[in-house]
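For reference, the structure is listed below as structure tokens.
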Number of protein chains: 2
Amino acid sequence: MDTYSLGMSKIFQKKETRRSELIPVITQAFVDLGYNRATTAELARRCELRENELYRLWDSKKSMFISAIQCIYAGTMSEWESLAKSRGNESLAEKIISYQAANHGKAGFFRIIFAGLQEVNDPEIKSALREMYQQFHSTFVSLILEHHGESDAKTADEAVAEAKLVAWALIGIGAIADIDRSINLTSATQRKRLINGVGRDLLEMLA
Amino acid sequence: MDTYSLGMSKIFQKKETRRSELIPVITQAFVDLGYNRATTAELARRCELRENELYRLWDSKKSMFISAIQCIYAGTMSEWESLAKSRGNESLAEKIISYQAANHGKAGFFRIIFAGLQEVNDPEIKSALREMYQQFHSTFVSLILEHHGESDAKTADEAVAEAKLVAWALIGIGAIADIDRSINLTSATQRKRLINGVGRDLLEMLA
DNA sequence: CCAAACTGTAAGTGTCCACTTACAGTTTGT
DNA sequence: ACAAACTGTAAGTGGACACTTACAGTTTGG
């Protein structure tokens, strides 16, 4: 399938831009429906294409899903970046907690993860998820350390180890908020309180 | 399908005992594989039956899944009860945290929940899950309150509200530990530390 | 201007899976 | 003993779904 002429590169670029136009739509479908229920027919419908047109852009549903994982990751990161630039005297970590409390589950971060883990048992997908998750976690760890500043009684190693735990805990809170939301377990208000309340307590736990 | 004669009740009882023999096997299949990948063929294979024999005991795969949800719930509760009876000067809440730290994900509590939420979009299943989750949560709340004892500076209402948050947070930690485990994100040691460390801190948060 | 590559539309194909039917053999209650 | 109910075995059925093929119409580069 590779091609050598110079002219081709333009075509491939076009293909790439086409993919990047469609991937948010596809991602949303996976978030809404999970892996199996997001059928190729449904993906095509949402993209306003025929199925075989989708298959001209991706070679399998699996590769669409992997693109979606990357899309979610990139989207979350860019949201956090704009939070970093926003005004306010809170630390970025605090801003993120407030933001997540207000928009829990919007990005569908966890929905994608659950879908990838449970519905498909594919090593490629698992490693894509692992990668995303680890990057997400390590970003969180940096934010937590930054939040507390350099001047700590503890040694750097201790602080990092504890920040890692707290980061997992925060991710856990997000997960449960997502689950909560998807079965309408509690009210939106309560969910918000959960993230804001417990999230901040966790953040201060190191101190 | 109902029947009136007295003799029938014995048959139904037999059917019931048959179901209760098989349901742990079926539950384990759903835990291992999720909803879709646990095909009726696979369920039958694990039960050492033919598919239509399964369908003599349950009228659909969905009802097998609902039975599995109830099985998981009952199993977890009875485990906790035996922990309550075990010796040791910790509170039951602390015992549960230690136990979960050692056996995270064994029961497949969260796997079942994720499967039910994502893979099927069925009101009956959602309400079965919601019920289980709420009972689980309220049991946890009682345990947390019990752990702290009656003598608190706060009013009862405040204590309950905070215990509810903490209970969700603990469930969240469990969820993330399960995810972690299923993609081998961190080591078992780290996971154990996460549950034990953060779990206990959360438990003390009220104080 | 024309050939090569792309886009749009429609109709499959093969496979998997939940669920069913048919039927012979065995219990069970009376 | 005998009918009614149950168990075991085997073979379907219908539908959904990932993925493909065919082909006519349109761009595009040289």
Side-chain angles (χ1 to χ4, degrees), chain A residues 1-19 21-22 26 29-30 32-68 115-116 118-122 124-125, chain B residues 1-19 21-22 26 29-30 32-68 115-116 118-122 124-125:
Chain A
M1 291 295 164
D2 278 11
T3 177
Y4 310 97
S5 80
L6 215 103
M8 289 307 137
S9 68
K10 285 184 187 170
I11 288 161
F12 279 163
Q13 223 166 11
K14 231 174 179 174
K15 206 169 171 176
E16 234 354 280
T17 58
R18 202 79 211 287
R19 282 166 58 122
E21 279 166 25
L22 294 174
I26 290 179
F30 281 124
D32 293 344
L33 303 168
Y35 189 82
N36 287 299
R37 283 164 54 226
T39 63
T40 50
E42 172 68 10
L43 295 175
R45 198 188 61 74
R46 290 193 182 208
C47 291
E48 290 174 303
L49 289 175
R50 314 275 151 174
E51 286 184 61
N52 69 341
E53 290 179 287
L54 269 185
Y55 279 96
R56 282 174 188 152
L57 298 168
W58 286 273
D59 62 344
S60 66
K61 183 178 171 180
K62 194 174 99 179
S63 62
M64 297 174 209
F65 188 70
I66 288 175
S67 294
Q118 269 274 350
E119 298 190 51
V120 283
N121 197 23
D122 184 276
E124 228 175 305
I125 286 178
Chain B
M1 290 296 164
D2 279 9
T3 177
Y4 310 97
S5 79
L6 215 103
M8 288 307 138
S9 69
K10 285 183 186 170
I11 288 162
F12 280 161
Q13 223 166 13
K14 230 176 183 174
K15 206 169 172 178
E16 232 356 277
T17 58
R18 203 81 210 286
R19 283 166 58 120
E21 278 165 27
L22 294 174
I26 290 179
F30 281 125
D32 293 344
L33 302 168
Y35 188 82
N36 286 298
R37 283 165 53 226
T39 63
T40 50
E42 173 68 12
L43 294 175
R45 199 188 58 76
R46 290 193 183 208
C47 291
E48 290 174 304
L49 290 175
R50 315 275 152 175
E51 287 184 61
N52 68 342
E53 290 179 287
L54 270 186
Y55 279 96
R56 282 175 188 151
L57 298 168
W58 286 273
D59 63 344
S60 65
K61 184 178 169 182
K62 194 175 99 180
S63 63
M64 297 174 207
F65 189 69
I66 288 175
S67 295
Q118 269 274 349
E119 297 190 52
V120 283
N121 197 23
D122 185 276
E124 226 175 307
I125 287 179

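Below, all heavy atoms of this structure are taken into account, side chains as well, without hydrogens, waters or symmetry copies. Residue numbers start from 1 in every chain, and the chains themselves are labelled A, B, ... in the order their sequence lines are given, proteins ahead of strands.
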* Interatomic spacing from CG in Asn121(B) to CG in Leu33(A) - rounded to 0.5 Å ->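 Rounded to the nearest 0.5 Å, the CG-CG separation comes to 8.0 Å.
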* Asked: CG of Leu54(A) to NZ of Lys61(A): how many Å apart, nearest 0.5 Å?
  ->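 Separation between the atoms: 11.5 Å.
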Rounded to whole Å, how long is the line connecting atom [atom1] of [X] with atom [atom2] of [N]?
{"X": "Asn52(A)", "N": "dC6(C)", "atom1": "CG", "atom2": "C1'", "result": "12 Å"}
{"X": "Leu22(B)", "N": "dG8(D)", "atom1": "CG", "atom2": "P", "result": "11 Å"}
{"X": "Arg18(A)", "N": "dA5(C)", "atom1": "CZ", "atom2": "P", "result": "20 Å"}
{"X": "Glu53(A)", "N": "dC23(D)", "atom1": "CD", "atom2": "P", "result": "18 Å"}

* Asked: Taking it one step at a time, do Trp58(B) and Ile26(B) satisfy side chain to side chain contact (heavy atoms under 4.5 Å, CB included)?
  -> CA-CA 12 Å; Trp58(B) 286 273; Ile26(B) 290 179; 3.6 Å; yes
* To do: With a 3.5 angstrom cut-off on both distances, give the Watson-Crick or G-U wobble partner of dA18(C), or none if there isn't one.
  =>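 For dA18(C), the partner nucleotide comes out as dT13(D), under the 3.5 Å rule.
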* Asked: Which residues in residues 36-48 of chain A have at least one heavy atom lying under 4.0 Å from any atom of DNA chain C?
  ->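 Contacts with DNA chain C under 4.0 Å: none.
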* Residues from residues 55-68 of chain A sitting under 4.0 Å of DNA chain C, heavy atoms only? ->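 Correct list: Arg56(A).
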* **Test item: Lys62(A) side-chain N/O and Val120(A) main-chain N/O as donor-acceptor pair under 3.5 Å** =>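 Judged by distance alone, no pair lies under 3.5 Å.
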* Whether Arg18(A) side chain and Leu57(A) backbone form a donor-acceptor pair below 3.5 Å ->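 No; judged by distance alone, with no hydrogens or angles, the pair does not exist.
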* Would you say a side-chain N or O of Arg50(B) is under 4.0 Å from OP1 or OP2 of dG8(D)? ->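 No, no such contact exists.
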* **Selected nucleotide, minimal atom distance to Glu51(B) side chain, candidates dG8(D), dC19(C), dT9(D)** =>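 Within the option list, the nearest is dC19(C).
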* **Closest listed nucleotide, where the reference is the side chain of Leu49(B) and the choices are dT9(D), dG8(D), dT9(C)** =>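 Between dT9(D), dG8(D), dT9(C), the one nearest the side chain of Leu49(B) would be dG8(D).
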* Asked: Residues two or more places apart in sequence or in another chain: which of them pass side-chain hydrogen bond (donor to acceptor under 3.5 Å, both in side chains) with Asp32(B)?
  ->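 Expected list: Gln28(B), Arg46(B).
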* Counterpart residues, side-chain hydrogen bond (donor to acceptor under 3.5 Å, both in side chains), relative to Gln118(B) (two or more places apart) ->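 With sequence neighbours excluded, Gln118(B) shows a side-chain hydrogen bond (donor to acceptor under 3.5 Å, both in side chains) to no residue whatsoever.
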* Among residues two or more places apart or on two chains, list those pairs meeting salt bridge (charged side-chain N to carboxylate O under 4.0 Å, His left out) that have a residue in residues 50-59 of chain A. =>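 As it turns out, there is no salt bridge (charged side-chain N to carboxylate O under 4.0 Å, His left out) pair with a partner in residues 50-59 of chain A once direct neighbours are skipped.
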* Which residue pairs pass the ring-ring contact (aromatic ring centres under 6.0 Å, His included) test with at least one member in residues 33-57 of chain A, sequence neighbours excluded? ->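 Applying ring-ring contact (aromatic ring centres under 6.0 Å, His included) to every pair that reaches into residues 33-57 of chain A, excluding sequence neighbours, yields Phe30(A)-Tyr35(A), Tyr35(A)-Phe65(A).
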